[in-house]
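In what follows, chains are A, B, ... by sequence order, proteins preceding strands, each numbered from 1. Side chains included, hydrogens not; waters and symmetry mates left out as well; all remaining heavy atoms used.
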Amino acid sequence: MADLRELYQEIILEHCKQPRNYRALPAANHKAEGYNPLCGDHYTVYLNVEGDTIRDVSFEGSGCAISKASASMMTQALKGKSCAEADAIFERFHKLVTGQAESNGTQALGKLAAFSGVSEFPVRVKCATLAWHTLQAALKDQQEPVSTE
Amino acid sequence: MTSATHVVTENFPPVAGRRSTFDVEKVRRDFPILHQKVNGKPLVYLDNAATSQKPESVLRTLDKYYREYNSNIHRGVHYLSERATQAYEQARQAAQHFINAGDPSEVIFVRGTTEAINLVAQTWGRRHVGAGDEIIISTMEHHSGIVPWQILCQEKGAKLRVIPINDQGELLLEEYEKLLGPRTKFVSVVHVSNVLGTINPVREIIELAHRRGVPVLLDGAQAAPHVKVDVRALDCDFYAFSSHKLYGPTGVGVLYGKAKLLEAMPPYQGGGDMISSVTFEKTVYNKVPHKFEAGTPNIAGVIGLGAAIQYLNQFDWEQVEAHEREVLAYASERISSVPGVRLIGTAREKTAVVSFVIEGIHPHDVGTILDQEGIAIRTGHHCAQPLMQRFGIPATARASLGFYSTRADVDALVAGLHKVLEVFQ
């Protein structure tokens with residue numbers, strides 16, 4: 001159970017039950033779809049980018065606790081950030097969930113550090129990163145749905 | 001050349017007579033893999049619909065083949081080849097008797113159920129299906145019972161028609177009857193659903209099709225391990241099943257076809273062993289079943305399947321079915337009593353599968369938490385996305401039984417599900 005509590009930390013379960021920014025964004029000027037057909041995780045990420053700044057970000061869809069909480073916390077972490085900052089945060093987040101994090105990098109992630117337990121469950125990395133890859137695809141206006149499977 | 005008149009009995013290890021009573025603990029001792037710990041907990045293997053485990057006798061047969069008589073078949077002038085050929089053809093006879101086919105030549109060895117269905121679509125289908133024709137399948141098909149027919153329909157301009165189901169996961173026979181019409185060329189349905197566990201009324205399905213002269217293929221991947229299959233009593237035209245779900249090795253399956261149909265069908269793949277003579281101008285094909293077995297087959301796998309069937313033959317099938325029914329009833333009752341659980345698939349005629357969803361908890365999370373408890377189940381769409389859409393869900397958690405499954409396995413699963421609730425409360 002110790003490992004499980006590492007994976008399913010309180011904050012993750014809480015975001016799964018009450019996801020933040022969980023809605024369509026009428027003012028979105030970018031959006032993309034993320035879909036992992038084997039799991040059934042399926043999300044749309046909406047962005048409103050002005051100049052180089054992410055003014056607003058939201059998501060909709062369904063999936064497992066890890067993918068949904070990751071999407072929810074991502075929207076909180078990236079609102080108001082520049083695109084370059086968003087890339088840097090994703091890079092740190094990716095290192096964290098794949099077990100390659102440096103300690104100062106984890107600190108800079110704030111609440112997202114709760115996903116450190118994912119690195120012990122390699123098959124769940126695809127869940128934790130789906131929304132992030134979808135966001136990157138939205139920034140590039142990619143039409144095809146993204147998959148991390 | 002290939003009739004196994006001189007049967008070498010030592011190719012398959014001897015099994016100790018017929019077992020008069022079904023003792024599940026004794027059965028479990030035949031499966032070495034079951035006796036291990038996973039994540040520090042005794043393994044509880046409930047993913048038998050994905051693949052079953054293999055008894056010691058199958059493992060020994062594979063080992064013995066490679067150690068003692070590995071060689072190519074059907075062209076040997078030497079001892080090893082003759083012995084391998086005999087074992088291979090002996091497995092064909094074992095498979096023939098297992099499904100009560102009339103003749104060993106009606107048993108074609110393929111890679112699995114998927115290849116068996118593709119074979120029929122690409123040979124019988126390409127010859128007989130044309131523009132505007134219709135092929136009937138069902139809502140509860142595995143993707144391997146959908147896509148091969150879609151490919152054929154796209155090529156020929158034919159149409160797929162789909163038999164609907166009710167909320168319990170039972171085929172609507174009246175609707176099926178309405179779908180059968182002058183353009184119907186073929187019917188292909190699962191005998192048992194891999195997601196719902198429903199045992200379909202295949203006799204009626206076949207009879208209704210035959211009244212209109214339409215042949216029927218049954219996908220028996222999930223049925224063969226749990227239901228006594230008698231292709232002659234069913235009068236099906238084709239029957240497909242996989243070795244690896246029947247306690248045999250992976251990479252091997254059987255396509256049964258009525259001799260008349262097989263003989264009239266064009267070959268599937270060209271190559272060695274499927275010919276009688278080749279010149280650059282013309283090739284004369286070999287007789288069935290060899291016409292459909294181009295190239296060196298999975299010899300070890302086929303012989304291993306023979307050993308699996310021989311292993312199963314020592315059991316009284318009615319006792320196996322009774323045991324599985326009892327564990328299934330217990331599992332359905334216990335699992336559905338877990339708070340928030342809803343069973344997907346509650347047909348009156350069911351076998352070996354309990355699919356379920358838990359309110360507010362994604363199946364993938366259920367699977368991860370159970371894995372920590374040493375419990376192996378399957379989560380996802382189970383290669384049946386149209387069926388998931390029918391039930392309006394992206395995925396299910398699925399516990400599936402083998403004949404070595406016990407009430408204790410179910411108890412462990414239910415305790416695991418309570419852990420899931422605890423984590424998510």
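For the atom pair CG of Leu38(A) and NE2 of His382(B), the computed distance is 11.5 Å after rounding to the nearest 0.5 Å. We find the CD1-OH distance between Ile369(B) and Tyr8(A) to be 4.5 Å, quoted to the nearest 0.5 Å.
A 6.0 Å sphere centred on NZ of Lys79(A) holds more than 12 heavy atoms belonging to other residues, nucleotides or ligands. Summarising the local packing, CD of Glu144(A) is surrounded by 12 or fewer heavy atoms from other residues, nucleotides or ligands at distances under 6.0 Å. Other residues, nucleotides and ligands contribute over 12 non-hydrogen atoms within 6.0 Å of the CZ atom of Arg23(A). In this structure, Arg111(B) places its CZ atom where only 12 or fewer heavy-atom neighbours from other residues, nucleotides or ligands lie under 6.0 Å away. Within a 6.0 Å radius of NZ in Lys126(A), more than 12 heavy atoms belonging to other residues, nucleotides or ligands are found. For Glu120(A), the CD atom counts as loosely surrounded, since its 6.0 Å shell holds 12 or fewer non-hydrogen atoms of other residues, nucleotides or ligands.
Listed options Asn39(B), Thr379(B), Thr368(B) were ranked by heavy-atom pairs under 4.5 angstrom with chain A; first place goes to Thr368(B).
Proximity to chain B among residues 81-100 of chain A is not found for any residue, judged by heavy-atom separations below 4.5 angstrom.
The closest donor-acceptor contact from the side chain of Lys17(A) to the backbone of Gly360(B) lies at 3.5 Å or more, if one exists at all. His364(B) contributes no side-chain N or O that, together with a main-chain N or O of Gly63(A), makes up a donor-acceptor pair within less than 3.5 Å.
Nearest heavy atoms, Arg5(A) versus Val423(B): NH1-O, 3.6 Å. Between Pro394(B) and Gly40(A), the closest heavy-atom pair is CB-O, 3.8 Å.
Side-chain contact check for Ile66(A) versus His362(B): every heavy-atom pair is 4.5 Å or farther apart.
Only the side chain of Leu13(A) comes within contact range of chain B, with heavy atoms under 4.5 Å apart.
Electrostatic pairing of Asp365(B) and Lys68(A) does not count as a salt bridge here, judged by no charged N lying under 4.0 Å from a carboxylate O.
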